[in-house]
Amino acid sequence: MVSQVSEAMLDVIADALVDKGYILLSDIIPDYVSLALLEKMQAQQDIDFKKAAIGRGIEQQINTEIRSDKISWLDNQDHTDREYLSIMSQLKDGLNRRLFMGLFDFESHYAVYEPGAFYKKHVDALHGSQNRILSTVFFLNPDWQDSDGGELIIYDEFDAPLEVVNPNIGTLVLFLSERFPHEVRPTTKTRNSIAGWFRVSNTNHGF
């Protein structure tokens, strides 16, 4: 059974994006979905994950001084991935109805940060590129302690920290891709998450 995102939850998310540009949620992804995603990550880490690159297209390159995580892209043909992607699709449709954002599709990958791994401060979309519009990060780490590190830091336009988010399982973060620089602090133990981006197909979008 595919989990349904309530209209009330969609209202809350839309209001937060208008007011602040980001939101932290802890109860939108059912526990059974989170645990299935984590189980898949742990089963595949040794064979399916590859070093993450920076940049896009012909400018893409691996630079371990900027990021040192490993990734594996979600596939809608996989039944575990499909449940999560269905929830993201509901978010896309619900936000388009409310904010006329013109969200067209969603891409996402698993990201595993082994001890010592990090991702330095960056922005998910170049200003004016109108491709990645809304970023998502979903965490899959049970029993995470403050001393484990690996926090997601979200900054404002003046590079002041807005949020320090511990990567606890079940937490979903959404933020406007062009607006918020962010980083992943070095982790002291294996840290699992899913990063994603809602994209538009052209430059015509509201909000």
Problem set entry | Min side-chain heavy-atom separation Gln44-Phe49 under 4.5 Å | yes
Exercise. Of the non-hydrogen atoms in Thr190 and Asn141, which two are nearest, and what is the gap between them?
Worked result: O-OD1, 4.0 Å
For this session: Provide the closest heavy-atom pair for His122 versus Lys120 in the form atom of the first, atom of the second, distance.
Result: ND1-O, 2.8 Å
Problem set entry | Atom CZ of Phe104 with >12 non-hydrogen neighbours under 6.0 angstrom | no
For this session: First locate atom CG of Leu38, then atom OG1 of Thr80, and finally report the distance between them rounded to the nearest 0.5 Å.
Result: 11.5 Å
Exercise. What are the two closest non-hydrogen atoms of Asp75 and Leu85, and how far apart are they?
Worked result: C-CD1, 4.1 Å
Below 3.5 Å, can you tabulate the donor-acceptor pairs from side chains in residues 166-177 to any protein atom, sequence neighbours excluded?
residue : atom : partner : partner atom : Å
Asn166  : ND2  : Asp146  : OD1          : 3.0
Thr171  : OG1  : Asn168  : O            : 3.3
Ser177  : OG   : Ile133  : O            : 3.3
Ser177  : OG   : Leu134  : N            : 3.2
Ser177  : OG   : Ser135  : N            : 3.2
Ser177  : OG   : Ser135  : OG           : 2.7

Exercise. Do Tyr119 and Val164 share a hydrophobic cluster (ILVMFWY, side-chain heavy atoms under 4.5 Å, transitive)?
Worked result: no
Problem set entry | Inter-residue atom distance His109.NE2 - Trp73.CH2, 0.5 Å rounding | 5.0 Å
For this session: Anything under 30° is parallel, anything over 60° is perpendicular, the rest tilted; go ahead and classify Tyr84 against Phe106.
Result: tilted
Exercise. With sequence neighbours left out, which residue pairs that include part of residues 157-176 fulfil the salt bridge (charged side-chain N to carboxylate O under 4.0 Å, His left out) condition?
Worked result: Lys121-Asp159
Problem set entry | Gly116 to Ser68 - nearest heavy-atom pair and separation | O-OG, 4.4 Å
For this session: With rounding to the nearest 0.5 Å, note down the distance linking CG in Leu10 to CD in Gln90.
Result: 8.0 Å
Mind listing the side-chain donor-acceptor pairs of residues 93-101 below 3.5 Å, one per line with the distance, residues two or more places apart or on another chain?
residue : atom : partner : partner atom : Å
Asn96   : OD1  : Gly102  : N            : 3.2
Asn96   : OD1  : Leu103  : N            : 2.9
Asn96   : ND2  : Lys92   : O            : 3.4
Asn96   : ND2  : Leu103  : O            : 2.8
Arg97   : NH2  : Glu7    : OE2          : 3.3
Arg98   : NE   : Asp11   : OD1          : 2.7
Arg98   : NH1  : Gly94   : O            : 3.1
Arg98   : NH2  : Glu7    : O            : 3.3
Arg98   : NH2  : Glu7    : OE1          : 2.6
Arg98   : NH2  : Asp11   : OD1          : 3.1

Problem set entry | Reported CD1-to-CG distance for the pair Ile154 and Leu24, which is rounded to 0.5 angstrom | 6.0 Å
Problem set entry | ILVMFWY cluster, Leu25 and Val165 together (side-chain gap under 4.5 Å) | yes
Seminar exercise, completed: Between the CG atom in Leu152 and the CZ atom in Arg191, the distance rounded to the nearest 0.5 Å is 6.5 Å
Problem set entry | Distance under 6.0 Å and angle within 45° of ring axis: Lys189 vs Trp144 | yes
Seminar exercise, completed: Here the gap from Phe198 atom CZ to Arg132 atom CZ, rounded to the nearest 0.5 Å, amounts to 13.0 Å
Exercise. Ion pair present between Lys40 and Asp81, side-chain N to carboxylate O less than 4.0 angstrom?
Worked result: yes
Exercise. Do the side chains of Asp124 and His182 get nearer than 4.5 Å, heavy atoms only?
Worked result: yes
Seminar exercise, completed: Minimal heavy-atom distance between Val184 and Gly150, with the atoms involved, is CG1-O, 4.0 Å
For this session: For a side chain to side chain contact (heavy atoms under 4.5 Å, CB included) with Phe138, tell me which candidate from Ser193, Ser108, Ser34 qualifies.
Result: Ser34
Seminar exercise, completed: Correct closest heavy-atom pair for Asp143 and Gln145 would be O-NE2, 3.3 Å
Exercise. Passes side chain to side chain contact (heavy atoms under 4.5 Å, CB included), Ile29 versus Glu83? Steps please.
Worked result: CA-CA 10 Å; Ile29 309 293; Glu83 183 105 20; over 6 Å; no
For this session: Could you tell me whether the side chain of Thr136 reaches within less than 4.5 Å of the side chain of Leu91, counting heavy atoms only?
Result: no
For this session: Return the orientation label for the Tyr22 and Phe180 ring planes: parallel under 30°, perpendicular over 60°, tilted otherwise.
Result: perpendicular
